[in-house]
Amino acid sequence: MTAQSSAARAQQSQRTARIRVGSAPDSWGVWFPDDPQQVPWQRFLDEVSASGYDWIELGPYGYLPTDPAQLSDELAARHLRVSAGTVFEHLHRPDSWDDVWRQVSDVASLTKAMGGTHVVVIPDVWRDHKTGDAVEPRQLTDEAWQRLAHGMDQLGKAVQDEYGLSIAFHPHADSHVGYQKDIERFLGETDPAYVPLCLDTGHVSYYGGDNLDLIRRYPERIGYLHLKQVDPAVIERVHTEDIPFPQAVQLGAMTEPPQGVPDLLPLLEAVEELGLDVFAIVEHDLYPCDPDLPFGIAQRTHRYIGGCGLRSMEIGTPRTHTTAKETQA
């Protein structure tokens, strides 16, 4: 390829690439639909809007209002839009389809009503999300891998057919798909037509994976991004002492950019160079946390990512919100 044609391809990629940046309840320490240690949903919406983000995820189903009319009013009052809903799955277990589909249906229905395009699907963790106690074996059998892969193909197709949405599979710490070798196996055993990847930069780095390598080798599978960084010193301790993910978060495993790894700019540049059209949702695992902590982190992270200077990036500006009640008055 000549230098001229290479330059032309790069220019075309920059024209077609689109990186829409948002945030999520997770960045406000929200892991559960209802928990006294979490900020009220109204405060989350106020502060995510004030931070400058235009896009949000729904978070755990039931945290935000599930009535579409009410939620639509609350979002409109703050100039917010929904990119995706989120759900956990356990399709590696026998006879799990009905239970998983019931949860996915609720999330997909609300996501579609809000104009979202994705359902982020996270594998259930093998350790309890609050206590860190083991609830099933750390490794999947080959038979369980087959159930997971077949189930995810089936789930991706069903969500497309029933709701017109795309799933995005999210590898996660303390799940069976966390290490890069697991991610690559999962990609090799699932159908690209139905199972895009939600590349969570922090969770990949949590296990020493190479985000940039995944973007460059599997560009056709990158359907969604979660942006976060981890603190290498904390992560080293986590693996040395086999500390469960909830406790790792409390130790500060996740950190705001640019203090941790991976370096986000090269990853975003690679996405732009490939011409990918994706949401890039900032997440900063914080549960549980001081309710006054997330807003400052969100503001600084917004400024940092907005300052990366990518042509394809769409990121909002900080604003003063009005409540839905004030808008209707």
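FYI, side chains are in, hydrogens and waters are out, and symmetry mates aren't considered; it's all heavy atoms of this structure. This structure is a prediction, so every number in the text was calculated from the model and none was measured.
- Between the side chains of S312 and R18, no donor-acceptor pair is found at a separation under 3.5 Å.
- Checked by atom type, the side-chain pair D213/Q180 shows a donor-acceptor distance below 3.5 Å.
- Within the 4.5 Å cutoff, no side-chain heavy atoms of P171 are placed close to those of P123.
- Here the closest non-hydrogen pair linking H284 and S27 is N-OG, 3.0 Å.
- The hydrophobic cluster containing F88 does not contain V177, counting ILVMFWY residues as joined when their side-chain heavy atoms lie under 4.5 angstrom apart, directly or transitively.
- Side-chain polar atoms of S96 and R147 form no donor-acceptor pair below 3.5 angstrom.
- Taking the six-membered ring where the residue is Trp, F245 and W31 present parallel rings, their angle staying beneath 30° rather than reaching 60°.
- In this structure, F44 and I56 have side chains that are in contact, with non-hydrogen atoms separated by less than 4.5 Å.
- Under the 3.5 Å distance criterion, the side-chain polar atoms of R81 are left unmatched by any main-chain donor or acceptor of G115.
- Side chain of H90 to main chain of D124: no donor-acceptor pair is present (N/O by atom type, distance under 3.5 Å, no hydrogens or angles).
- With hydrogens and angles disregarded, a donor-acceptor distance shorter than 3.5 Å links the side chain of T111 to the backbone of G85.
- Side-chain polar atoms of E189 and W145 form no donor-acceptor pair below 3.5 angstrom.
- The shortest non-hydrogen separation linking A253 to Y206 is CB-CE1, 4.4 Å.
- Here CE of M254 is found 13.0 Å from CD of Q250. Values are rounded to the nearest 0.5 Å.
- No side-chain donor from either of E184 and Y179 sits under 3.5 Å from a side-chain acceptor of the other.
- Atoms OG and NE2, from S175 and H203 in turn, are 9.0 Å apart once rounded to the nearest 0.5 Å.
- A salt bridge between R43 and D292 is present, with a side-chain N of the basic residue lying under 4.0 Å from a carboxylate O of the acidic one.
- Checked by atom type, the side-chain pair Y287/D35 shows a donor-acceptor distance below 3.5 Å.
- Within the 4.5 Å cutoff, side-chain heavy atoms of H172 are placed close to those of V125.
- Ion pairing of R127 with D242 is present here, as a side-chain N (NZ or NE/NH1/NH2) and a carboxylate O approach within less than 4.0 Å.
- Heavy-atom contacts from other residues, nucleotides or ligands closer than 6.0 Å to CZ of R217 number more than 12.
- Between the side chains of H226 and E57, at least one donor-acceptor pair of N or O atoms lies under 3.5 Å.
- Residue H150 places its NE2 atom among 12 or fewer non-hydrogen atoms of other residues, nucleotides or ligands, all under 6.0 Å distant.
- For the pair Q160 (side chain) and A193 (backbone), a donor-acceptor distance under 3.5 Å is present.
- Classification of K157 and D161 as a salt-bridged pair holds, one side-chain N sitting under 4.0 Å from a carboxylate O.
- Within a 6.0 Å radius of CG in D95, other residues, nucleotides and ligands contribute 12 heavy atoms or fewer.
- Across all their heavy atoms, S51 and P318 have their closest contact at O-CG, 3.7 Å.
- Heavy atoms from other residues, nucleotides or ligands lying under 6.0 Å from CD of E314 number more than 12.
- With rounding to the nearest 0.5 Å, the separation of CZ in R216 from CG in L267 is 9.0 Å.
- Taking 4.5 Å as the limit, every side-chain heavy atom of L212 sits out of range of all side-chain heavy atoms of P262.
- Taking 4.0 Å as the cut-off between side-chain N and carboxylate O, D200 and K228 count as a salt-bridged pair.
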> Taking it one step at a time, do H239 and Y207 satisfy ring pair (Phe, Tyr, Trp, His ring centres under 6.0 Å)?
Replying inline: CA-CA 9 Å; H239 296 311; Y207 288 121; 5.5 Å; yes
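- Ion pairing between a basic and an acidic side chain is recognised when a charged N comes within 4.0 Å of a carboxylate O; R78 and D73 show no such pairing.
- Here the closest non-hydrogen pair linking V230 and G202 is CG1-O, 3.4 Å.
- Under the 3.5 Å distance criterion, the side-chain polar atoms of H92 are left unmatched by any main-chain donor or acceptor of G151.
- Formation of a donor-acceptor pair under 3.5 Å by the E272 side chain with backbone atoms of R311 is found in this model.
- Checking I19, D277, L310 one by one against V271, the side chain to side chain contact (heavy atoms under 4.5 Å, CB included) holds for a single residue, I19.
- Of the possible donor and acceptor atoms, one in the side chain of Q38 sits under 3.5 Å from a partner among the backbone N and O of F32.
- A distance-only check finds no donor-acceptor pair linking the side chain of R20 to the backbone of S83 [under 3.5 Å].
- Under the 30°/60° scheme for interplanar angles, the aromatic rings of W55 and F279 are found to stand perpendicular.
- Without hydrogens or angle criteria, T240 side chain to E236 main chain gives a donor-acceptor distance under 3.5 Å.
- Residues I281 and L227 are not in side-chain contact: their nearest non-hydrogen atoms beyond the backbone lie 4.5 Å or more apart.
- For Q139, the CD atom is loosely surrounded, since the number of other residues' heavy atoms within 6.0 Å does not exceed 12.
- V104 and Y63 fall within the same hydrophobic cluster, defined by Ile, Leu, Val, Met, Phe, Trp and Tyr side-chain heavy atoms under 4.5 Å apart, directly or through other members.
- Rounding to the nearest 0.5 Å places CD1 of I183 at 9.5 Å from OH of Y218.
- When the side chains of ILVMFWY residues are joined at heavy-atom separations under 4.5 Å, either directly or via intervening members, V120 and L225 end up in two distinct hydrophobic clusters.
- Atom CH2 in W28 sits 9.5 Å away from atom CG in L286 (nearest 0.5 Å).
- Between atom OG1 of residue T141 and atom CD of residue Q146 there is a gap of 8.5 Å, rounded to the nearest 0.5 Å.
- Hydrophobic cluster membership is shared by L197 and V159, with clusters built from Ile, Leu, Val, Met, Phe, Trp and Tyr side chains linked at under 4.5 angstrom.
- No side-chain donor-acceptor contact under 3.5 Å links W126 and D174.
- No donor-acceptor distance shorter than 3.5 angstrom exists from the side chain of T190 to the backbone of V195, with no hydrogens or angles considered.
- Looking only at atom types and distance, the side chain of N211 has a donor-acceptor partner in the side chain of S205 under 3.5 Å away.
- Taking a cutoff of 4.0 Å between a charged side-chain nitrogen and a carboxylate oxygen, R102 and D99 qualify as a salt bridge.
- Using a 30° and 60° split on the angle between ring planes, W101 and Y163 fall in the tilted class, from 30° to 60°.
- At a threshold of 4.0 Å, the pair D231-R237 does not count as salt-bridged, since none of the basic side-chain nitrogens sits closer than that to a carboxylate oxygen.
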